[in-house]
**Student:** 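Before anything else, here's the structure in question.
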Amino acid sequence: MGRYRVIAVSLNADEAAEADRIPAILRRAGVPKANRSLVIREALRRLEDELRGKSREDIFRYFVDCYARRAGQLPSGENHGQR
């Protein structure tokens, strides 16, 4: 693993609570170094996997669709512009 950079990320209250809940579960399960950074890095890896090979338009559509879904404007089964 390479060097780390510290970055600031803004989360709403629910997101921050989830970022605390998951490492707490992992620590109780025996992962003593579990923390928010671990959770966010894993989430970013999952997003990387999800977007790998997608065009700029597909990536844009992915985020537009996710935002619309959270706002209740798309059904949950929509597939992020995949063809």
**Student:** Under 4.5 Å between side-chain heavy atoms, hopping through other hydrophobics if needed: is there a path connecting L47 to I40?
**Tutor:** no

**Student:** Compare every heavy atom of R27 with every heavy atom of N35, then report the nearest pair and how far apart it is.
**Tutor:** CA-NH1, 4.3 Å

**Student:** With sequence neighbours left out, what residues match V6 under side-chain contact (heavy atoms from CB on, under 4.5 Å)?
**Tutor:** none

**Student:** Do the charged groups of E48 and R45 touch, with an N to O distance under 4.0 Å?
**Tutor:** no

**Student:** Kindly write out the residues that satisfy side chain to side chain donor-acceptor pair (under 3.5 Å) with R46, not counting sequence neighbours, or none if the list is empty.
**Tutor:** none

**Student:** Checking R28 now: which residues fulfil side-chain contact (heavy atoms from CB on, under 4.5 Å) with it, not counting sequence neighbours?
**Tutor:** A24, I25

**Student:** Show the numbers, then the answer: is there a side-chain contact (heavy atoms from CB on, under 4.5 Å) between Y62 and E50?
**Tutor:** CA-CA 10 Å; Y62 176 93; E50 179 80 18; 3.4 Å; yes

**Student:** Could you tell me which residues satisfy salt bridge (charged side-chain N to carboxylate O under 4.0 Å, His left out) with R70, sequence neighbours excluded, listed by chain and number?
**Tutor:** none

**Student:** Would you mind listing the cluster partners of I22? Hydrophobic ones only (ILVMFWY), side-chain contacts under 4.5 Å, chaining allowed.
**Tutor:** L26, V31, L38, V39

**Student:** With a 4.5 Å heavy-atom cut-off, do I7 and R5 have their side chains touching?
**Tutor:** yes

**Student:** Sort and list the pairs that fulfil side chain to side chain donor-acceptor pair (under 3.5 Å) and have at least one residue in residues 11-26, not counting sequence neighbours.
**Tutor:** E18-R21, D20-R36

**Student:** Taking side-chain contact (heavy atoms from CB on, under 4.5 Å) as the test, write out the residues that go with F60, two or more places apart.
**Tutor:** E57, V64

**Student:** Calculate, to the nearest 0.5 Å, the distance between atoms OG and CD belonging to S37 and E42 respectively.
**Tutor:** 13.0 Å

